[in-house]
Every structure is written in C-alpha cells, then in structure tokens.
Amino acid sequence: MSAVEAPFALSAPADRQGRDRWVLTGLLAGPALYIALMAVVPAFLMVQISLAHRDVGGLWSPGFELTQYRQLATPLFARVMGFSLLLAACGAAICVALAFPAAYFITRMRRRAQVAWLVFLLGSLSLSEVLIVFAFQVLLSTSGSLAGALTAVGLLAPGQSLYPNFPAVLTCLVYLLLPYVILFFYPALSQLDPEVEQAAATMGASRLTTFATVIAPMMRGQILTGVLLVVIFTFGAYLTPLVLGRPPQWTIAIHINNAAMAAGNVPLAAAYAVAVVAFMVALLALTRILSRRPEAAA
Amino acid sequence: MRIDFGTLARRGFLGLIALFLAAPLIVVVSVSFNDTRRMSFPPTAFSLRWYEAFFGDHGWMSSLERSLTIAALAAAVAVLVALPITYAIWRYQARVARALAGVGAALFLIPGVVAALMLSAFWGVTGHVGRLENVVLSHAIVLLGIPLSLLSVGFSAIDKAQVEAAHTMGARDSDAFRMVVRPAMTPYILCAFVFVFVLSINEYLIAYMVAGFTVQTLPIRIFANMRQGYEPTMCVAAVIFMTLGFAAFILMSKLADLPRLMGRTRPLEA
C-alpha cells in the first residue's frame with residue numbers, strides 16, 4: 001500500500017501537483033541558492049585555484065597548470081601525509097577502543113543517567129579546540145601538577161615539560177574526538193536488540209565473549225565509519241599539532257594553513273586541500289567496500 | 001551481597017573516561033579562580049580578580065559580544081536553510097531537497113582546515129573581506145548538517161496519522177501545519193538552534209581564516225593571547241564557554257527527548 005508511504009495522497013485533486021511544484025520552488029529556492037553559493041562555488045573555486053598560476057604577493061591568476069600538483073610528489077608532502085595518517089591511525093585505534101564499549105554501556109543505562117552522559121558528552125564536544133589546547137598546555141606545563149608528580153616519582157627530569165611531543169598531540173586529539181566517537185556509536189548501539197545478548201547468554205556465552213564475537217562484528221560498518229570520522233578530524237585539526245607538537249609533528253592542516261596565510265601561496269594550499277579531499281573520498285569508498293557483509297559468512 | 005566484577009569494571013571504566021574528559025575543564029576552572037598571575041595548578045589562593053579584569057576589559061567584552069552575535073545569526077541562518085529542506089523531504093519526498101541535504105551531509109567529509117580554505121578563497125574572490133557576515137554565513141554552511149539531521153529526526157517523530165486526520169477533516173496544508181507540525185517541531189528547532197549556536201561560538205579556524213584580522217571573536221582573542229604568553233583572564237573566557245555550552249545542552253535536554261535526538265529510536269523507559 002502506497003498510502004503508508006505517502007500519507008498526503010488521500011486527497012489528490014488534479015491541480016495538486018502543479019501547485020505542489022510552486023510551493024516546493026518557493027520553499028527550496030532560498031536554501032538552494034545559499035548552498036550553491038557557499039558550498040558548491042567554493043569547492044569549484046578551490047579546484048580552480050589549485051590549477052591557477054601563482055603570482056607574487058599572495059595573488060593568483062586564472063590558468064591551467066600543474067605546477068602545484070608537482071609539489072605533491074615531493075618527499076615533504078609524502079612525509080607530512082604519512083605522519084598525519086599515522087597520527088590518525090593511532091587516534092582511531094584508541095578512540096574506537098574506548099568509545100565503543102563506553103557507548104555500549106551508556107545505551108544500557110537508565111534514562112536519567114543516559115541523559116546526564118549525553119549532556120556531558122555534548123558539552124565537552126562543543127568546547128573550542130583553542131580552549132582544550134590551552135587547558136592541556138596548563139596541565140602539561142612545567143609548573144603543572146602532573147609534571148610535578150612525575151618529577152617527584154622520578155619519571156621526569158626536573159624542569160622538563162610534558163610537551164611539545166607526539167604523545168601530547170595524540171592525547172589532546174583523543175580528548176577532542178572521544179565525545180564525537182561515543183555519540184557516533186550511540187544510535188546504532190542503542191538500536192541493538194537486547195534479545196541478541198540474551199540469546200547469546202542462553203547459549204552459554206559470557207558477556208565479554210558476546211561483546212567481542214557477536215556485537216562488535218555486527219557493528220563492523222559503524223566501527224569503520226567511526227575510524228573514518230577520526231581520520232577526517234585529524235587531518236583537519238590545526239591548533240593541536242601546532243601548539244602541542246614540534247614541526248616534525250605538524251600535520252597537513254598546518255602546512256595548508258602556512259601555505260595559504262604565511263607563505264601567501266594559495267594555489268599550493270588549494271592543491272594540498274584537493275589532495276586531502278580526494279584521499280578522504282577514497283577512504284570513504286574503502287570503508288563502504290570493507291563494511292559490505294559477505295552473504296555466505298553470515 | 002555478591003560483588004559483581006563486571007559491574008565494578010564497567011563503572012571503573014566509565015569513571016576513568018569521565019575523569020579524562022573532565023580533567024582539562026577542572027584545571028581551567030580552578031586556575032581562573034587563582035590569585036597569582038603565574039600559570040599554576042593546583043591553585044594557591046581563591047580570588048575573583050581575573051573575573052573583574054575580564055568583565056572590565058573593553059577588548060574581551062567586545063569579543064564576547066561579537067562571538068554571541070555571530071553565533072546567534074549563524075544558528076538562525078542554518079536553521080532557516082535546513083527547515084524548508086527537511087520539510088520538503090518529509091512532506092513531498094522532493095528529490096531536489098534530498099540532493100540539497102546530501103550536499104549538507106557531504107560537507108562532513110571535508111576536514112575543517114579545507115573548509116576554512118575554501119571559504120576564505122571564496123570571500124577573497126568576492127572582494128568582501130574581513131566582515132562579520134562572512135563568518136556568519138561560513139559557520140552556517142559548515143554546521144548545516146546539524147539542523148538537517150536534528151530536524152529530520154523531528155519530522156520523522158510527527159505522527160503522520162494525525163496529519164492525515166486533519167486533512168480528512170478538511171484542513172488545508174496551512175492548517176495542518178499550524179495545528180500539528182509547528183507545535184511538534186518547535187523543540188527540535190530550538191535544539192538545532194542551540195547546537196549550532198554553541199558550536200559556532202567555539203569555532204576558531206574558519207572565523208580566523210575568513211575574517212580573523214578584523215573580526216576578533218572570543219576564540220581568536222584567546223589564541224592571540226596564548227601566543228603572547230599566559231594571562232589568567234583567558235581562563236575566565238574559557239569558563240564562560242564552558243558555562244554557556246553546558247547550560248545550552250541542559251536546556252536542550254529539558255526541551256526535547258535527548259536520547260531520541262541523538263539517534264535512539266528504541267523506546268527508553270524512565
């Protein structure tokens with residue numbers, strides 16, 4: 001019955017469709033214009049700039065050259081992308097390992113506790129990267145209590161700071177991403193039928209076994225998309241590696257920003273950006289392929 | 001009573017996660033009440049002097065005001081753009097509307113720095129540089145996915161039978177809208193507004209790249225101060241962010257069914 005799908009089909013006079021079209025045009029003209037102008041045009045513009053000719057003083061003139069794309073073949077770009085990917089992979093492993101069970105536990109709580117957790121997660125997720133980076137700076141600084149405690153037990157030389165270094169960047173990224181990833185897993189895990197677990201329990205599986213062998217494989221697609229989320233965010237993060245890392249820990253975001261703002265080479269920044277987006281699209285395609293469940297294996 | 005190891009482990013694990021997420025916030029809040037100018041944690045003596053300094057400083061206050069204005073306008077734009085799209089999908093299953101929502105979702109695939117570069121290039125080409133409305137329109141487009149998804153959750157929660165009944169009883173579209181759709185959607189619209197507002201007020205990179213030199217938002221000012229060295233008034237700004245954020249989400253949890261808004265469709269009893 002199509003009436004279930006389209007509840008408004010009950011009364012459908014002949015002139016209805018024509019009028020609907022006018023209503024729709026009125027509704028969507030504004031949003032379509034806005035999205036075209038602010039999303040589609042800038043995207044094309046970025047591709048165009050990446051092919052443009054670089055002029056002095058941060059300017060560019062329209063053209064069609066691959067000068068900037070040749071920069072992508074340099075060891076610098078390969079090293080920066082490789083490092084960004086390494087950072088993202090570490091971040092994704094930690095985030096998923098923590099967020100998946102955390103989200104699972106939260107979905108099993110009573111309503112009040114769940115709402116409290118959601119408010120807490122949303123609140124910490126929305127905090128500015130500026131603020132978090134700053135807080136980590138205070139926390140990890142020489143005068144901070146953490147450094148003091150570590151010095152006291154002899155794990156840290158006196159006067160040494162806990163940043164800038166790779167662990168500091170990674171910890172801060174995990175901090176920024178953890179609420180996102182937990183909230184990302186929340187809908188799928190809350191939809192999970194409790195009967196699945198009960199069935200597994202009846203068959204003698206422990207809760208841990210059920211979690212690892214039944215629930216986690218069911219959520220393979222979700223987990224892969226969660227990993228993708230971490231990768232996208234890590235590649236886009238600018239302040240965290242800048243403040244808590246040293247130049248070897250600078251991700252592609254810093255190089256894009258430096259090319260655009262400091263070096264005044266907008267075409268190079270655009271070429272980097274196009275390469276990053278292409279990489280994300282490829283990763284998305286990969287996660288889609290990997291999360292496709294082979295029919296026979298079920 | 002039997003000690004359940006599983007429960008203990010679960011509570012311990014969640015407790016550690018909560019502690020990890022709360023730690024930087026505790027640091028910032030306590031440092032903001034510290035008496036000394038030195039950046040030190042744990043704080044030595046309680047004082048409100050940095051709060052006085054913050055609220056007495058013209059620069060900080062104007063940044064705060066600017067950030068609040070941008071966030072309110074960006075949230076309004078994002079909701080006003082998302083509302084007709086989600087309505088058209090729900091009411092007409094319009095393909096154009098689906099395509100527009102698809103563009104909004106695709107923006108999530110774009111890393112923050114790339115979005116910032118795209119938009120700064122766009123404003124550069126239009127020659128309309130360093131203006132407040134640049135930040136407003138840029139934030140609204142980047143955050144558009146949020147009202148799109150929250151409002152579509154809202155529309156899907158409307159009982160279509162009720163709308164149908166209104167139609168059978170001779171109600172026109174506008175009547176059905178007023179009687180059923182608008183009251184059902186109001187909490188979702190408010191939630192979408194609040195969510196975009198909070199994210200916009202905290203955003204740094206896009207604001208900096210589209211108008212950073214002339215429109216100093218609160219995050220931009222905090223970061224500029226960070227580069228120049230530590231100053232405790234920064235912590236006060238940070239505390240304001242936190243208070244605003246948590247207040248906004250508590251408000252959201254009062255306005256609407258938060259678990260449902262976050263994607264839970266399986267019923268959850270109290």
Side-chain angles (χ1 to χ4, degrees), chain A residues 7 10-11 20 24 27-28 31-32 34-35 38-39 41-43 45-46 49 98 101-102 105 111 114-115 118-119 122-124 126-132 134-136 138-139 141 143-145 178 183 186-187 190-191 207 232 235-236 238-239 253 256-257 260 266 269 273 276-277 280 284, chain B residues 6 10 14 17 21 24 27-28 31 39-42 81 84-85 88 92 94 96-97 100 103 107 109-114 117-119 121-122 125 137 141 160 163-164 167-168 198-199 202 204-205 219 222-223 226 234 238 241-242 245-246 249-250 253 258-259 262-266 268 270:
Chain A
L10 281 173
S11 56
D20 280 0
L24 264 178
L27 275 176
L28 296 177
Y34 173 72
I35 289 175
M38 295 300 300
V41 170
L45 188 65
M46 195 175 70
I49 293 178
L98 294 177
F105 293 144
R111 170 176 281 274
Q114 264 190 48
V115 169
L118 290 176
V119 168
L122 285 167
S124 78
S126 65
L127 289 174
S128 181
E129 195 182 348
V130 174
L131 200 157
I132 300 302
F134 167 65
F136 268 88
V138 178
L139 200 65
S141 67
S143 53
S145 57
L178 198 57
L183 287 175
Y186 178 80
S190 67
Q191 247 69 280
R207 288 182 72 172
I232 293 171
F235 274 69
Y238 168 72
L239 288 173
I256 291 178
N257 194 278
V266 184
V276 168
V277 173
M280 294 306 150
L284 175 70
Chain B
R10 194 181 67 217
L14 284 176
I17 289 207
L21 290 178
V27 170
V28 171
V31 171
M39 171 165 75
S40 67
F41 180 82
V81 170
I85 296 175
Y92 301 100
V96 186
L100 291 176
V103 176
L107 287 171
L109 253 187
I110 295 186
V113 73
V114 176
L117 179 71
M118 264 167 55
L119 291 162
F122 172 76
V125 167
L137 293 173
I141 192 79
K160 285 194 171 177
V163 185
E164 225 170 288
H167 278 283
T168 330
V198 172
L199 289 179
N202 279 284
Y204 166 77
L205 194 56
I222 295 183
F223 191 62
M226 252 168 91
M234 287 159 58
F241 274 132
M242 269 182 242
F246 282 104
F249 290 114
I250 289 171
S253 72
L258 204 52
M262 289 295 114
R264 184 186 183 108
T265 50
R266 186 173 276 276
L268 177 66

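Chain letters run A, B, ... following the sequence lines, proteins first and then strands; every chain starts at 1. All figures in this text were calculated on a predicted structure; none of them were measured in a lab.
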Counting only heavy atoms closer than 4.5 Å, note whether [X] contacts chain A via side chain, backbone, both or neither.
| X | value |
| --- | --- |
| Leu109(B) | both |
| Met262(B) | both |
| Leu21(B) | both |

Show the numbers, then the answer: is there a side chain to side chain contact (heavy atoms under 4.5 Å, CB included) between Val113(B) and Val276(A)? CA-CA 10 Å; Val113(B) 73; Val276(A) 168; over 6 Å; no
Which residue out of [options] racks up the most heavy-atom pairs below 4.5 Å with chain B?
| options | answer |
| --- | --- |
| Leu27(A), Val119(A), Leu122(A) | Leu122(A) |
| Val277(A), Ile256(A), Leu127(A), Leu284(A) | Leu127(A) |
| Pro31(A), Ser190(A), Ala135(A) | Ser190(A) |

Nearest atoms (heavy-atom pairs only) where Phe235(A) meets Pro111(B):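 Here Phe235(A) and Pro111(B) meet closest at C-CB, 4.2 Å.
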Please report the closest heavy-atom contact between Phe246(B) and Ser124(A), naming both atoms and the distance.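 Minimum heavy-atom contact is CZ-N, 3.9 Å.
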Judged by atom type as modelled, is there a donor-acceptor pair below 3.5 Å linking the side chain of Gln114(A) to the main-chain atoms of Leu258(B)?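 Such a contact is absent between Gln114(A) side chain and Leu258(B) backbone.
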Would you call [X] and [Y] a side-chain contact if the rule is heavy atoms closer than 4.5 Å?
| X | Y | answer |
| --- | --- | --- |
| Asn257(A) | Leu205(B) | yes |
| Val138(A) | Val28(B) | no |
| Phe136(A) | Val27(B) | no |
| Val130(A) | Phe241(B) | no |
| Met118(B) | Leu45(A) | no |

For chain A, which of [options] has the most heavy-atom pairs under 4.5 Å?
| options | result |
| --- | --- |
| Ile141(B), Val81(B), Val114(B) | Ile141(B) |
| Leu137(B), Ile222(B), Val96(B) | Leu137(B) |
| Pro259(B), Pro219(B), Ala121(B), Ala94(B) | Pro259(B) |
| Ile110(B), Val125(B), Leu107(B) | Val125(B) |
| Leu117(B), Leu119(B), Leu199(B) | Leu117(B) |
| Ile17(B), Val198(B), Val103(B) | Ile17(B) |

Output all residues satisfying ring-ring contact (aromatic ring centres under 6.0 Å, His included) with Phe223(B), sequence neighbours left out; order by chain, then residue number.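 For Phe223(B), the residues satisfying ring-ring contact (aromatic ring centres under 6.0 Å, His included) (neighbours in sequence not counted) are Tyr204(B).
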Quick one: what part of Leu24(A) sits under 4.5 Å from any heavy atom of chain B, side chain, backbone, both or neither?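 For Leu24(A), the contact with chain B is made by the side chain alone.
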Measure the CG-CG distance between Leu98(A) and Leu14(B) for me, rounded to the nearest 0.5 Å.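 Separation between the atoms: 10.5 Å.
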Gap separating the CE atom of Met226(B) from the CG atom of Leu239(A), nearest 0.5 angstrom: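 Taking CE in Met226(B) and CG in Leu239(A), the distance rounds to 7.5 Å.
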